[in-house]
Enquirer: 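Sharing a structure, written as structure tokens. Questions coming.
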Amino acid sequence: MSMQLNVTHNPDLTSWITSANLVGQDFPIQNLPFGVFVTADQSEPHVGVAIGVVILDLAQVEQAGLIKIRNGSVFRSSSLNAFIALGSAVWSDVRLQISNLLRADNPVLRDNAPLRAKALVPQSEATMLLPVEIGGYTDFYSSKEHATNVGSMFRDPGNALLPNWLEIPIGYNGRASSVIVSDTPIRRPAGQTKAASQNRPEFGPCKKLDIELETGFIIGSGNALGEPIACEAAEQHIFGMVLLNDWSARDIQTWEYVPLGPFNSKTFATTISPWVVTMEALQPFRVSTPVQVPEPLAYLQHKPGIHHGVDIHLEVVLTPEQSGLPSTICRTNFKTMYWSMAQQLAHHTSSGCNTRVGDLMGSGTISGSEKDTFGSLLELTWNGARPLTLSDGSTRQFLQDGDELTLRGWAQGANYRVGFGFCRGKILPAIG
Ligand code: MN
């Protein structure tokens, strides 16, 4: 079943919140992403929707009777989980009500100054919280270009992809407890590393700290243990998407990953953006995924005629602390991903593994085929062999203390973009 476009997707819609109508900003009335926030005056977390430079406080407009929902207490919550658990018909109905409330020709909230003062919060005055309570976090490895680059670097350029890669959406179980929201600082991890010239490893601060440019999807309805999700039904189980930075300690990873995969090299932190962009908001931007050869096994096959990719422009910006000068080090697009979100979820549950509302699935590093489209410093500098020169003249092989990394993402419409906001983190020195 494919989601239909409706009045909320109309490219000509405008809002009485004028900042939402500015070309090039992330949160027009066609987007309406969900997040959780507090302010200095309001310590109770509320669910809100980003619109232009402000947040619409859903707890306030629900209490005032302007949004109707069968359980309004879901908006006075420290996570989106209770709202998400109400199901896709409710997500869609609430989106329609919010779109109607914010459109330029609706005076109900527009002309109610006292309520507006309570219900609209400048984003600059809000602190965003982790939007979902994440019970499980899984990270995939679904960019063919990324897997080819890594295989070329560490194994054999002639046989870069391992034999299973074209058959399985490769993934591993990540660490949910260290998934953090944008703007949480990242402490440089310590761990075991071993130089090729040494017999024994040493323990100390990571020397090859890296990013991984990824997106993540949030499970909107789970599956029972023992009951797989079919590929053709998988998208109905997805609530929305975020930007995700899978911070990685490459020197620790190299030593520890055989035979069971990454562990401490990944578990110290994973940053996500605070606004969850719904699959409904992304519906106008669906595109086909790359042709797959060989044809996947039957349980991983897409239904013909349905687009399983999403056209999302992605960028990574590195800003050193000393100069404060930003450098865009990567520009790429999510549509290049080989394995789709539907295939990832179908494969994840094909064994009978259950998933739950709020579970997070990382796409894997998103790399294109050109050098400046690679989604990690590992690839951008070819494991440090070709340092990047930044706009302030300094060079990088891997991240230095004080570096701030910002991921951006947006789907481009005719006169508007459906954007993801920021996924940002700054590197703090290692302890000790
Ligand atoms: Mn990753």
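Counting convention: from 1, in listed order, for ligands and their atoms alike. Keep in mind that what you see is a predicted model, and the values were worked out from it rather than measured. Residues: numbered from 1 along the sequence shown.
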Enquirer: Does anything in residues 353-412 pair up under ring-ring contact (aromatic ring centres under 6.0 Å, His included), and if so which pairs, sequence neighbours excluded?
Expert: H313-W410
Enquirer: What are the protein N, O or S atoms, given as residue plus atom name, that sit under 2.8 Å from the Mn ion (ligand 1)?
Expert: D139 OD2, E212 OE1, E214 OE2, D246 OD2
Enquirer: Centroid separation under 6.0 Å, is that true for the rings of H46 and F75?
Expert: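 F75 vs H46: aromatic centres not under 6.0 Å.
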Enquirer: Tell me which pairs pass side-chain hydrogen bond (donor to acceptor under 3.5 Å, both in side chains) where either residue lies in residues 353-362, with sequence neighbours left out.
Expert: N223-T355
Enquirer: Under a 3.5 Å cutoff, is there a donor and acceptor pairing between the side chains of E145 and S369?
Expert: no
Enquirer: Tell me if the aromatic rings of W275 and F34 count as close, with their centers under 6.0 Å from one another.
Expert: no
Enquirer: Throw together a table of side-chain donor-acceptor distances under 3.5 angstrom for residues 288-295, partners on residues two or more places apart or in other chains.
Expert:
residue, atom, partner, partner atom, Å
Q292, OE1, Q343, NE2, 2.9
Q292, NE2, Y338, O, 2.8
Q292, NE2, Q343, OE1, 3.2
E295, OE1, Q301, NE2, 3.4

